[in-house]
Amino acid sequence: MYEGTSTVPVAPDPHPSFGAFAHPQRLVSTEWLSAHIGAAGLAIVESNADALLYDIGHIPGAVKIDWRTELTDQRLRDVVDGARFAELMRIKGIAREDTVVVYGDRSNGSAAATAWVFDLFGHSDVRLLDGGRDVWIAEARETTFEVPVAGPVHYGAAERDDSQARAFLADIRQRLADVDTGTRLLDVRVPEEYAGVNRLITDRPEEQSLRAGHIPTAVNIPWTAAVGPDGRFRTRAELEQIYAEVLGAPETIVYSRIGEHSAHSRFVLTALLGAAGVRNYDGSWTEWANAVRSPIVTGTQPGEAPAADQVAAGSG
């Protein structure tokens, strides 16, 4: 995904704090973005957990993309197909060759999920604003209420590739049925959800689950561990220590509650730490916990894989 791509139209951010990361071109600083607003070939996207924030002020030139409503198919509970993605890009004024910088609130939790969808469609140059919206606002940088008017943009055919960056229910079942593959499962929810202390109560129907706990053998590293108090990513040395349990695995499947924050952790593992074979299980806990014959574990330990005859491999 990060090698062999076409020449990027906007030069990477040379900020010294990014130099140690595996793919430093995947990040930009607030200083860099402020200096490049309005640059040819740069598309800025705001993608928030709180969908109302964009309307009370955003980075000049930024368009709004709602990961939950615009990038997911509400009828299939799936990522949108290529035709709908290309049409969305046309509406938002984003060309295929553009450098796309995505940012959002709450440490880029939703913004990283949006960037992940761009990756699925093979957009060659997608970056995150380190610290996101919160840092931009904290630094009192320029904001506007003006919504950009998209010009006539042709994105071209878009084909989604799920093979490298995405995992499904059947993949988790297969992993539990064959523990010798070396695949690690990473749960990035808060420790209380992971342990199954109590079932999450939420007003979002799509996040409701019938059971509390975690997938057997999954280790828990909350997604927020990757960012410091100011919302920016921690140093590479700190991140390597935090993710030591999964680094070096031939494959890692990451999940959260609905696949949003697990996309953030996947970004950390791949773009910042250079880990290979990391896939986001976007069905995540709400799918697994509600699926028939899907075993779970409660408590703070990963737990053992169930007996093979207890896992309905390949069934949905």
- Taking atom CZ of Arg106 and atom OG1 of Thr224, what is their separation to the nearest 0.5 Å? 13.0 Å
- Tell me, do Met89 and Val153 make a side-chain contact under 4.5 Å, heavy atoms counted? no
- Query: Atom OG in Ser256, atom CG in Asn280: separation rounded to 0.5 Å?
  - Reply: 6.5 Å
- With side chains defined as the heavy atoms from C-beta onward, is the minimum distance between Trp285 and Ile296 less than 4.5 Å? yes
- With a 4.0 Å cut-off, would you call Arg84 and Glu87 a salt bridge? no
- Message: Other residues, nucleotides and ligands only: do more than 12 of their heavy atoms fall within 6.0 Å of CD on Glu159?
- Response: no
- Calculate, to the nearest 0.5 Å, the distance between atoms OG and CZ belonging to Ser262 and Phe267 respectively. 14.5 Å
- Any side-chain heavy-atom pair of Ser29 and Leu27 under 4.5 Å: no
- Query: Testing Gln208, Arg77, Arg257 for side-chain hydrogen bond (donor to acceptor under 3.5 Å, both in side chains) with Thr286, which one passes?
  - Reply: Arg77
- Message: Could you go through Asp171 and Arg279, starting from their C-alpha distance and side-chain angles, then the distance that decides it, and tell me whether this counts as side chain to side chain contact (heavy atoms under 4.5 Å, CB included)?
- Response: CA-CA 10 Å; Asp171 296 316; Arg279 294 189 287 162; 3.4 Å; yes
- Message: For the residue pair Tyr281 / Glu287, report whether a side-chain donor-acceptor contact shorter than 3.5 Å exists.
- Response: yes
- Given Trp288, Tyr194, Tyr255, the one that forms ring pair (Phe, Tyr, Trp, His ring centres under 6.0 Å) with His214: Tyr194
- With under 30° as parallel and over 60° as perpendicular, where do the rings of His261 and Trp223 fit, or are they tilted in between? parallel
- Are Asp78 and Arg166 close enough for a salt bridge, meaning some N to O gap below 4.0 Å? yes
- Message: Nearest 0.5 Å, please: how far is NZ in Lys92 from OH in Tyr155?
- Response: 14.5 Å
- Check: Gln174 and Phe168 side chains under 4.5 Å, non-hydrogen atoms: no
- Message: Assess whether a salt bridge exists between Arg127 and Asp125, defined as any Lys/Arg side-chain N lying under 4.0 Å from an Asp/Glu carboxylate O.
- Response: yes
- Query: Are side-chain N/O atoms of Arg173 and Ser294 paired as donor and acceptor at under 3.5 Å?
  - Reply: yes
- Message: If you define the side chain from C-beta out and look only at heavy atoms, does anything of Leu247 sit under 4.5 Å from Leu269?
- Response: yes
- In terms of ring plane angle, is the pair Phe85 and Phe121 parallel, tilted or perpendicular, where the classes change at 30° and 60°? parallel
- Item | Euclidean distance, Arg189 CZ relative to Leu186 CG, rounded to 0.5 Å | 11.0 Å
- Item | Close side-chain approach of Phe118 to Ile94, heavy-atom, < 4.5 Å | yes
- Flag if over 12 foreign heavy atoms under 6.0 Å of CD, Gln74: yes
- Item | Any Leu176 side-chain heavy atom under 4.5 Å of Ile215 side chain | yes
- Note on the structure: By side-chain contact (heavy atoms from CB on, under 4.5 Å), Pro24 pairs with (sequence neighbours left out) Phe18
- Message: Taking the basic N atoms (NZ, or NE/NH1/NH2) and the acidic carboxylate oxygens, is any pair closer than 4.0 Å for Arg68 and Glu260?
- Response: yes
- Could you tell me whether the side chain of Leu272 reaches within less than 4.5 Å of the side chain of Arg26, counting heavy atoms only? no
